[in-house]
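Right, one structure below, let's go through it.
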Amino acid sequence: MTANKHYLQFKDFSREEYEYLFSRTAWIKSKFKQYEPYHPLFDRTLVMIFEKASTRTRLSFEAGMQQLGGSAIYLNTRDSQLGRGEPVEDAAQVISRMSDIVMIRTFEQEIIERFAGASRVPVINGLTNEYHPCQILADVFTFIEHRGSIQGKTVAWVGDSNNMCNTWLQAAEVLDFNVRVSTPPGYEVEPERAGLHGTGHFEQFEDPMEACRGADLVTTDVWTSMGFEAENEARMKDFADWCVDAEMMAVARPGALFMHCLPAHRGEEVTAEVIDGSQSVVWDEAENRLHVQKALMEYLVLGRVESD
């Protein structure tokens, strides 16, 4: 494995690599739950660059790196030269000479691609407007924990065709499951952004109830993602019929799970009855960001590691 292996989109890894990562995540999580120290990244440094605010991303990466024995440094573009016009490539050259791995949470995917192109160390996409691979990594692992293999299963996406939706579509291609997407008119998914090429893993539905019918997992996100706040009023009207409620969960497969990457707005994209109900696994999903990212960082820095 080369030192410059990055994780910028879900499709960057193969199914075989994901099988390794999910197995590794389960082992690392087990160590965590048993309070057994595990420090494979001792004396290694993670730099976290934030252009978009976050709770879960910062906490999971910072805590994760510390739990692996390393250290994490937080940089906000407002407080660094990146926010004052320094070329992305120049920043990448400097930052990657002083660290072992970099996580970036920013707006355009182009920014992180340019940074990775000039970096001497692995770069992880902590979120861009286009993709959110670490979150889907956690979501798929959470499904596996609760229901076993996701291969051949059906995921219903209800709401905005945003970075989460795009990444679910990539995951379906790599891991061989199906995604049904239902969005309001005018908010349909852009297949070319998700890298779809007629693989048969994606269906678009006008009616969210039909998208959820027989699904193994129903998932959604906020109606207005960061960077689209100016559209909020219009989106509240356009998405009114795309709130995941008990009726949608009732037509899904018995035992179907509900997921949401959080933060959630109860009464908008999901009802309190669903997100706080028995089918919801949002808290496991949130915690698993910590564990999958530890496995990811270990893999990018050290390559494959055999469990004890």
Side-chain angles (χ1 to χ4, degrees), residues 1-42 44 46 56-57 59-61 63-70 100-101 103 122-126 131-155 164 167-179 201 216-217 219 255 257 259 261 281-308:
M1 190 180 84
T2 66
N4 281 332
K5 189 173 185 64
H6 307 299
Y7 192 57
L8 310 183
Q9 300 183 35
F10 198 92
K11 67 180 182 179
D12 287 346
F13 287 178
S14 66
R15 184 190 305 183
E16 192 267 342
E17 286 178 293
Y18 281 113
E19 289 172 354
Y20 166 80
L21 281 176
F22 294 139
S23 173
R24 196 73 192 140
T25 298
W27 187 87
I28 289 173
K29 182 175 181 178
S30 176
K31 299 283 280 189
F32 175 83
K33 293 296 185 182
Q34 296 175 57
Y35 297 96
E36 296 179 10
Y38 178 60
H39 298 151
L41 299 187
F42 173 76
R44 303 298 184 100
L46 164 71
R56 279 152 291 276
T57 297
L59 179 59
S60 57
F61 271 106
M65 192 60 174
Q66 291 175 0
Q67 290 167 18
L68 293 176
D100 300 283
I101 187 167
M103 185 282 297
V123 176
I124 296 173
N125 181 353
Y131 303 111
H132 199 357
C134 290
Q135 182 63 59
I136 302 305
L137 189 64
D139 292 2
V140 174
F141 177 76
T142 304
F143 185 91
I144 292 169
E145 274 193 318
H146 285 267
R147 296 290 183 264
S149 174
I150 199 169
Q151 185 174 10
K153 299 298 194 296
T154 297
V155 175
M164 285 286 293
T167 310
W168 270 116
L169 295 174
Q170 286 196 351
E173 284 195 87
V174 176
L175 301 178
D176 189 26
F177 60 90
N178 307 302
V179 178
H201 293 288
D216 300 282
L217 166 63
T219 184
L257 301 177
M259 292 189 192
C261 63
V281 291
V282 298
W283 311 122
D284 290 343
E285 179 188 4
E287 178 190 338
N288 282 335
R289 282 286 300 277
L290 172 71
H291 306 302
V292 298
Q293 288 166 189
K294 285 194 286 187
L296 175 63
M297 289 189 289
E298 179 192 63
Y299 177 57
L300 289 174
V301 175
L302 300 179
R304 288 176 179 260
V305 176
E306 296 299 325
S307 301
D308 296 339

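The first residue of the sequence shown is numbered 1, and numbering continues consecutively from there.
For Thr142, the side-chain hydrogen bond (donor to acceptor under 3.5 Å, both in side chains) criterion is met by Asn288, not counting sequence neighbours. In this view, Phe143 satisfies the ring pair (Phe, Tyr, Trp, His ring centres under 6.0 Å) rule with no residue, not counting sequence neighbours. Judged as a ring pair (Phe, Tyr, Trp, His ring centres under 6.0 Å), and not counting sequence neighbours, His132 has no contacts. Annotation: side-chain hydrogen bond (donor to acceptor under 3.5 Å, both in side chains) contacts of Asp216 (sequence neighbours excluded): Arg253. For Phe177, the ring pair (Phe, Tyr, Trp, His ring centres under 6.0 Å) test picks out Trp168, with sequence neighbours left out. With sequence neighbours left out, the ring pair (Phe, Tyr, Trp, His ring centres under 6.0 Å) criterion links Phe61 to no other residue.
For the pair Arg289/Thr57, a side-chain contact is recorded, criterion being any heavy-atom separation below 4.5 Å from C-beta on. Within the 4.5 Å cutoff, side-chain heavy atoms of Leu290 are placed close to those of Gln67. Here the side chains of Val305 and Pro40 are not in contact, with every heavy-atom distance at 4.5 Å or above. Between Leu137 and Phe22 there is a side-chain heavy-atom pair separated by less than 4.5 Å. Looking at Val281 and Glu145, their side chains never come closer than 4.5 Å, going by heavy atoms from C-beta outward.
For the ring-ring contact (aromatic ring centres under 6.0 Å, His included) criterion with Tyr20, the lone passing option out of Phe13, Tyr299, Trp27 is Tyr299.
No side-chain donor-acceptor contact under 3.5 Å links Thr154 to the backbone of Asn178. Looking only at distances, a side-chain donor or acceptor of His6 sits under 3.5 Å from a matching main-chain atom of Val123. Side chain of Arg147 to backbone of Gly255: a donor-acceptor contact under 3.5 angstrom is found. With Ser23 contributing its side chain and Glu19 its backbone, the two residues share no donor-acceptor pair below 3.5 Å. No donor-acceptor distance shorter than 3.5 angstrom exists from the side chain of Arg15 to the backbone of Leu175, with no hydrogens or angles considered.
The two residues Pro133 and Asn125 make their nearest non-hydrogen contact at CD-ND2, 3.7 Å. Of all heavy-atom pairs spanning Lys153 and Ser149, the tightest one is NZ-O, 3.2 Å.
If you check the side chains of Glu17 and Tyr7, you find no donor sitting under 3.5 Å from an acceptor.
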